[in-house]
Number of protein chains: 2
Amino acid sequence: MTGSVPPLFPPSDAQYGPADLTLTPAGEPPTLRADAARNRTRLLEAASQLMSCCGATDLTMEAVATAAGVGKGTVFRRFGDRTGLLIALLDHREQQLQAAFLSGPPPLGPDAPPVERLHAFGPAVIKHERDHHELILAARTDPVRNYVVPAARLRLTHVTMLLRRANAEGDAELLAHTLLGYLDTALVHHLVVDRGMPLERLEAGWHDLVARLTTGGDTAA
Amino acid sequence: MTGSVPPLFPPSDAQYGPADLTLTPAGEPPTLRADAARNRTRLLEAASQLMSCCGATDLTMEAVATAAGVGKGTVFRRFGDRTGLLIALLDHREQQLQAAFLSGPPPLGPDAPPVERLHAFGPAVIKHERDHHELILAARTDPVRNYVVPAARLRLTHVTMLLRRANAEGDAELLAHTLLGYLDTALVHHLVVDRGMPLERLEAGWHDLVARLTTGGDTAA
DNA sequence: ACTTTAAACGGACCTCGGTCCGGTTGTTCT
DNA sequence: AGAACAACCGGACCGAGGTCCGTTTAAAGT
């Protein structure tokens with residue numbers, strides 16, 4: 001990967017600004033130099049643009065660089081590698097989903113009892129994955145990297161928290177991994193697309209799983 | 001990938017001979033031409049050799065070809081791509097595990113009640129994955145491909161069968177996917193290596209999961 | 001044994017991800 | 001403002017995966 005200087009995944013890319021691609025990175029490295037930030041935005045826009053017309057698998061680093069009007073080295077400096085760029089792209093699209101289950105309206109958001117939120121979580125994630133499966137799948141080169149990605153960490157802590165609040169018996173973190181494993185994009189894609197499994201069946205399976213894993217009491221302690 | 005002529009993953013590579021690398025492919029294309037079969041063996045041996053000394057990630061197709069005394073094109077013709085070669089290598093190493101749960105002694109093999117076999121299945125797979133994690137992880141470039149690989153299909157049908165025989169309620173296939181998801185190499189590796197989770201905890205989680213998913217009656221119907 | 005045919009072979013060739021380093025440009029401190 | 005410094009930029013360069021096509025060769029038919 002990068003020699004060693006860039007702090008393991010360049011400037012982090014955890015959260016940015018509010019909505020559009022006008023993302024002002026506010027990660028670990030206090031601030032990005034003006035030109036660097038500008039180029040970062042350009043690159044993400046260019047990548048997004050190219051992706052929507054050519055598909056994720058054909059997205060070339062050099063093409064992105066050219067489209068953004070910068071050198072290839074700049075792309076790698078900013079995102080580490082191709083996967084890093086895709087993840088950054090993805091991370092941005094995830095924010096909508098994250099907002100939905102972190103602070104959205106009831107079935108998913110905090111104004112519903114935890115078990116209910118869990119039930120709603122599955123279909124929401126599946127929907128999201130179906131919308132972006134190409135990008136998600138393309139961003140999955142290194143299998144272990146998925147667990148390190150901020151979005152994945154967030155989902156894990158979220159589901160773990162819901163399980164705890166639901167007073168589920170057992171190892172909450174491992175149960176959360178189990179639930180998230182069921183929602184794995186590759187699995188869902190394989191079942192639905194490759195094997196033609198109807199969505200209803202998949203979602204029924206989810207609800208069944210949630211029911212099985214959340215035993216030990218309702219929100220009412 | 002390959003133009004189109006090779007029948008989607010060249011000559012299949014499902015099962016071969018009994019034990020050693022003296023594998024005589026007996027897949028779908030009736031037989032391989034003599035020289036092709038010979039080269040196939042040579043290539044697998046060379047790859048295995050190189051891997052044990054240089055690691056899977058540094059395994060170069062050209063190096064394998066050279067070590068086997070054939071041209072690079074031959075490697076690709078036979079295995080489709082790098083991942084195909086790694087999968088073939090892996091498939092071979094899996095046979096020991098497969099034999100264990102298909103026809104081995106009791107806790108795992110057919111002479112034990114299904115629920116007991118399921119309980120034994122987890123630790124066995126985890127053990128296997130720990131032994132070969134480098135190769136397994138290296139073979140995982142395309143996330144969906146895992147579900148198509150014969151070894152994975154076999155595990156799925158096996159676990160599904162065990163669940164059915166255990167009279168587990170619910171969608172056996174989906175429950176099987178859930179169980180196998182828990183055993184995902186990348187997940188196990190992440191938890192144990194990256195996050196230092198003790199094996200005992202992981203296995204306890206497995207037993208708990210099996211217990212939860214196999215409700216509805218014992219073998220005694 | 002000879003012809004025929006389809007498959008296997010091999011290595012030149014192309015593409016693309018990733019690295020490197022000399023030059024450039026913000027940023028900060030005095 | 002000017003200098004010093006660190007970070008950024010860019011594109012030449014490298015290595016490895018994957019493709020192509022002319023040549024060779026095993027297997028089947030006569």
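FYI, side chains are in, hydrogens and waters are out, and symmetry mates aren't considered; it's all heavy atoms of this structure. Keep in mind it's a predicted model, so treat the numbers as computed, not measured. Protein chains get the first letters and strands the later ones, always in sequence-line order, with residue 1 at the start of each.
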Roughly how many Å is it from CD in Glu62(B) to C1' in dG15(D), rounded to a whole number? 10 Å
Listed by chain and number, what are the side-chain hydrogen bond (donor to acceptor under 3.5 Å, both in side chains) partners of Glu173(A), not counting sequence neighbours? none
Selection from dG17(C), dC8(D), dA16(D) that lies nearest to any side-chain heavy atom of Leu32(A): dC8(D)
With sequence neighbours left out, what residues match Arg42(B) under salt bridge (charged side-chain N to carboxylate O under 4.0 Å, His left out)? none
Specify the separation, in whole Å, of atom CZ of Arg42(B) and atom P of dA8(C). 16 Å
Identify, with sequence neighbours excluded, every residue that meets side-chain hydrogen bond (donor to acceptor under 3.5 Å, both in side chains) alongside Thr160(B). none
What pairs with His119(B) under side-chain hydrogen bond (donor to acceptor under 3.5 Å, both in side chains), at least two apart in sequence or on another chain? His207(B)
Taking Arg82(B) for the side chain and Leu59(B) for the main chain, is one N or O donor matched with an acceptor at less than 3.5 Å? yes
Figure out the CG/C1' separation between Leu43(B) and dA8(C), and round it to whole Å. 12 Å
Nearest whole angstrom, please: distance from the P of dG18(C) to the CG of Leu85(A). 11 Å
Sorted by chain and number, sequence neighbours left out, side-chain hydrogen bond (donor to acceptor under 3.5 Å, both in side chains) with Asp131(A) holds for Lys127(A)
When you match Leu59(B) and Ala34(B) each to their closest nucleotide on DNA chain D, which lands nearer the 5' end? Leu59(B)
Taken to the nearest whole Å, CZ/Phe79(B) to P/dA8(C) is 13 Å
Between protein and nucleotides 9-14 of chain D, map the contacts as a letter string: B base, S sugar-phosphate only, - none, heavy atoms under 4.0 Å, written 5' to 3'. BBB---
Nucleotide dC20(D), atom P - distance to CZ of Phe76(B) in whole Å: 13 Å
